[in-house]
Amino acid sequence: MDALPPNLKLKILSALNVDADEASSPPSQKIPKVFELSHLDEKRLKILTKGDLVKLNEYGYLIKNGFLGDQEEMGKCREAVLELEGKSLLKPASMKGKHSWKQSKLRGDLTTWINPA
């Protein structure tokens with residue numbers, strides 16, 4: 001576990017409900033699969049395929065091209081986010097365990113709450 005990048009290590013520890021301060025050695029429990037696929041009803045899948053879920057279980061992440069929709073619409077979203085950033089409305093994201101903290105070297109993204117139109 002110590003060979004992992006710090007941000008990935010924190011994500012795993014958080015998913016296992018292990019406080020990062022207390023984790024001096026790897027957790028004794030096995031990291032669970034994201035999805036149990038043995039009884040999957042593929043007819044109920046709307047966005048992801050069974051293959052997508054298998055990859056998610058195997059790698060812990062999934063790249064799904066076109067997931068966010070139309071490129072032109074995503075461009076508009078990007079411009080809106082850049083406008084929020086220009087107005088200093090985006091704040092450093094925090095990490096949570098037993099406590100909440102911010103550390104840009106581990107998590108450098110920015111967040112804000114938005115209200116649907």
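Quick caveat, the model's predicted, so the values are computed rather than measured. Each residue takes its place number in the sequence, starting with 1.
- Using a cutoff of 4.0 Å between basic side-chain nitrogens and carboxylate oxygens, Glu58 and Lys55 are not scored as salt-bridged.
- By the rule that hydrophobic residues join a cluster once side-chain heavy atoms approach within less than 4.5 Å of another member, Leu48 and Leu68 end up as members of one cluster.
- Put simply, the side chain of Leu45 reaches to within 4.5 Å of the side chain of Leu40, judged on heavy atoms.
- Within the 4.5 Å cutoff, the side chain of Leu62 has no heavy atoms near those of the Phe67 side chain.
- Distance check: Ile47 CD1 to Lys64 NZ gives 9.0 Å after rounding to the nearest 0.5 Å.
- The CD atom of Glu42 lies 9.0 Å from the CG atom of Leu53; values are rounded to the nearest 0.5 Å.
- The closest side-chain heavy-atom distance from Thr112 to Lys91 is not below 4.5 Å.
- Checking side-chain atoms of Arg107 against main-chain N and O of Lys102 turns up no donor-acceptor pair under 3.5 Å.
- Atom CG of residue Leu82 and atom SG of residue Cys77 lie 11.0 Å apart, to the nearest 0.5 angstrom.
- Scanning all heavy atoms of the two residues, the minimum distance from Glu85 to Leu90 falls at CB-CD1, 3.6 Å.
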Residue pair Asp52, Lys50: steps toward the salt bridge (charged side-chain N to carboxylate O under 4.0 Å, His left out) verdict: CA-CA 5 Å; Asp52 291 336; Lys50 182 177 182 180; over 6 Å; no
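- Val81 is not listed as a side-chain neighbour of Glu79, based on a closest heavy-atom distance of 4.5 Å or more.
- Under a hydrophobic clustering in which Ile, Leu, Val, Met, Phe, Trp and Tyr are joined whenever their side-chain heavy atoms come within less than 4.5 Å, directly or via other members, Ile114 and Leu89 fall into different clusters.
- Side-chain atoms of Glu72 do not come within 3.5 Å of backbone N or O of Met74 as any donor-acceptor pair.
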